[in-house]
Number of protein chains: 2
Amino acid sequence: MVLSETIFAGEGVSGAPVDGAGAEPTLRQQAVLDAALALIVDPKATLTMSSVARAASCSKESLYKWFGDRDGLLTATVQWQAARVRGVPLSGGAFDRERLVESLERFAADWLTVLTGDTSVALNRLAVGEAAGAGGGRNLGRIVLENGPVAMGRRLTPVLELGLKAGLIAFADAGEAFRDFFGLVVRDVQIRLLLGDRLQLAPSDIRADASRATRHFLALYGVDERPERPSNASKGKE
Amino acid sequence: MVLSETIFAGEGVSGAPVDGAGAEPTLRQQAVLDAALALIVDPKATLTMSSVARAASCSKESLYKWFGDRDGLLTATVQWQAARVRGVPLSGGAFDRERLVESLERFAADWLTVLTGDTSVALNRLAVGEAAGAGGGRNLGRIVLENGPVAMGRRLTPVLELGLKAGLIAFADAGEAFRDFFGLVVRDVQIRLLLGDRLQLAPSDIRADASRATRHFLALYGVDERPERPSNASKGKE
DNA sequence: TTAGTACCGTACCGTACGTTACGGCGGGTC
DNA sequence: GACCCGCCGTAACGTACGGTACGGTACTAA
């Protein structure tokens, strides 16, 4: 049906570099995506093609030319936001217990900060809502999932492996260890936010939560002053 | 606007008992709510007033008479589903470590079973989606929240208090302890399900997860063979 | 029999929104 | 200047859906 090539269908019109799953949006398109993002985050605004066009001062015709359809626009918006969250790499050096704690705490704090942000809540809401229908925007959920828990795991796993190799922590499955860390960090915060619960964590709260999660995680997986502890690392079945 | 009294506005038309926040729906209305629930759960069905009327073999006029508007129907449906999940009380008796572990494991297993069910996923999706807009169905999120994490906490807290009084576990704040247990049980399961991730836990998986969560929770809060442990219960600031 | 009640089925209305089409404008190129 | 191209602004179309109105039917009660 759509005969014009969008930024997701094959090679882009302009000579933009291709990374992963599509061409880079042009500056104009980035402005449009930012406008869409603002509309998604704004609680008293509705996200329609018309509202995006109005907010971005562009025509709906351009929206359809650039993004194909509504789902394409949403997908591009989510990817656009996801692209700017990357980072926070782990600085190298000697890896002792001090640095492990620092890495975990920083990680948990960063994660909680992102998670409780308006943008993250709005995008997760959007993706969850879109994941309901059968044939609809099936991509959104996967994209958010990929840039949410999965990305967090990908970024944390090297830290855990370093801690394992340094003899600071012990686990059979890094994935399981990560999921426990995830649970200790996030707890019920995300679902409460998604369900509309007013709940804003001040930076001091986030720091305290990150510290507590790290402490608890190390209490479960740490090999400090308690060598024998068959309770956590023994389930090596998966 | 609506001049007819619905099952939520004041005393019900029929002499139904009132419990908490509204009258009990009649049998016919219960059938309608079941039909709505089935539509919500069905991934390839859309929930509209017309589809509910068609599925329940009733007229839309009756829907509006009984439930006021779409939001009232959704609210009644969520409450109807929530009403049938209650239960699983804790059986009395001597409370030793054995029974604490059993209670926690049973609790975690029940919770995971409900959480990963199609109905729970669908209702949470619905509530999350409805929590997006500004003036829309502001109740749904609160209802699901109330019958989800909050209800879980209300049901688990007595168990924790018993464990505390029996000297089996130690904590300063039962709410914080519960939230840690929540995180250890749920981890990333719920958000992954909500985002559309295929992920079904077999009963054996659920049992294993419940056991692991309980083990980890007791490793954090238990006072078994390690009396000194300043890491978990010392943060008594809130 | 008649009136009243509760309900079903369906047609209908207004609106919101996704999608398409069209007119106009500015900025390049020959 | 003539032409084309990309884009803006807006009108228009089709559909989906929330909400309302109305006729028809079964049942009850006087």
Side-chain angles (χ1 to χ4, degrees), chain A residues 1-7 9 12-16 25-33 35-36 39-40 44-77 126 129-130 132-137 140, chain B residues 1-7 9 12-16 25-33 35-36 39-40 44-77 126 129-130 132-137 140:
Chain A
M1 295 308 170
V2 182
L3 40 81
S4 70
E5 48 216 328
T6 73
I7 65 173
V13 185
S14 55
T26 67
L27 285 176
R28 185 75 183 93
Q29 290 165 2
Q30 291 177 14
V32 170
L33 296 180
L39 284 176
I40 293 174
K44 58 189 174 307
T46 63
L47 182 80
T48 69
M49 300 302 277
S50 300
S51 70
V52 173
R54 199 178 328 116
S57 291
C58 74
S59 71
K60 293 204 279 183
E61 188 180 15
S62 298
L63 290 185
Y64 284 98
K65 181 189 294 188
W66 292 334
F67 306 105
D69 57 0
R70 181 190 138 94
D71 197 61
L73 172 62
L74 262 49
T75 305
T77 304
L126 186 69
E130 222 72 9
L140 272 191
Chain B
M1 298 308 172
V2 183
L3 39 82
S4 70
E5 48 217 327
T6 73
I7 66 173
V13 185
S14 56
T26 67
L27 285 175
R28 185 74 185 92
Q29 291 165 3
Q30 291 177 15
V32 170
L33 296 180
L39 283 177
I40 292 175
K44 59 187 173 307
T46 63
L47 182 79
T48 69
M49 299 302 276
S50 299
S51 70
V52 172
R54 200 178 326 117
S57 292
C58 74
S59 71
K60 291 190 355 180
E61 189 179 16
S62 299
L63 290 185
Y64 285 98
K65 181 188 297 188
W66 292 334
F67 306 105
D69 58 358
R70 180 191 139 96
D71 198 60
L73 173 61
L74 263 49
T75 305
T77 305
L126 185 67
E130 221 71 10
L140 270 191

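Order of the sequence lines sets the chain letters (A, B, ...), proteins ahead of strands, with each chain counted from 1.
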Checklist outcome for this item: Residue pair Thr46(A)/Arg28(B) against DNA chain C: nearer the 5' end by closest nucleotide is Arg28(B)
Checklist entry - Can you find a donor-acceptor N/O pair under 3.5 angstrom joining the side chain of Lys60(A) to the base of dT19(C)? => result yes
Checklist entry - In whole Å, what is the span from the CG atom of Leu74(B) to the P atom of dC17(D)? => result 14 Å
Item to check | Heavy-atom pair of closest approach, residues Cys58(A) and Arg28(A) | outcome: CB-NH2, 3.6 Å
Checklist outcome for this item: Side-chain contact check for Tyr64(B): nearest option of dC17(C), dG19(D), dG9(C) is dG19(D)
Item to check | Separation of dC17(D) P from Glu130(B) CD (nearest whole Å) | outcome: 14 Å
Checklist entry - Contact class for Ser57(B) vs. all strands (heavy atom < 4.0 Å): base, sugar-phosphate, or nothing? => result sugar-phosphate
Checklist entry - Where is the tightest heavy-atom contact between Arg70(B) and Leu47(B), given as atom of each residue plus distance? => result NH1-O, 3.4 Å
Next on the checklist: Testing the basics here: between Asp69(A) and Met49(A), what is the closest heavy-atom pair and its distance to 0.1 Å?
Outcome noted: C-CE, 4.4 Å
Checklist entry - Please give, in whole Å, the distance from dG19(D) P to Leu47(B) CG? => result 12 Å
Checklist entry - Can you find a donor-acceptor N/O pair under 3.5 angstrom joining the side chain of Glu61(A) to the base of dC22(C)? => result yes
Item to check | Shortest side-chain distance from Thr48(B), nucleotide among dC17(D), dG18(C), dC8(D) | outcome: dC17(D)
Next on the checklist: Between Leu33(B) and Phe67(B), does the side-chain contact (heavy atoms from CB on, under 4.5 Å) criterion hold? Intermediate values first, please.
Outcome noted: CA-CA 10 Å; Leu33(B) 296 180; Phe67(B) 306 105; 3.8 Å; yes
Checklist entry - CG of Leu63(A) versus P of dA21(C): gap in Å, rounded? => result 16 Å
Checklist entry - Think Trp66(A) has a side-chain N or O under 4.0 angstrom from the OP1 or OP2 of dC7(D)? => result yes
Checklist entry - For the pair made of CZ in Arg70(B) and P in dA16(C), what is the distance, rounded to whole Å? => result 16 Å
Checklist entry - Quick one: are Thr77(A) and Leu126(A) in side-chain contact, heavy atoms under 4.5 Å? => result no
Checklist entry - Is the distance from OP1 or OP2 of dC7(C) to the nearest side-chain N or O of Ser59(B) less than 4.0 Å? => result no
Item to check | Nucleotide nearest Asp69(A) when distance is taken to its side chain, options dC7(C), dC8(D), dT19(C) | outcome: dT19(C)
Item to check | Spacing between Met49(A) atom CE and dC8(D) atom P, to the nearest angstrom | outcome: 13 Å
Next on the checklist: Using whole Å, what does the distance between atom P of nucleotide dA21(D) and atom NZ of Lys65(B) come to?
Outcome noted: 13 Å
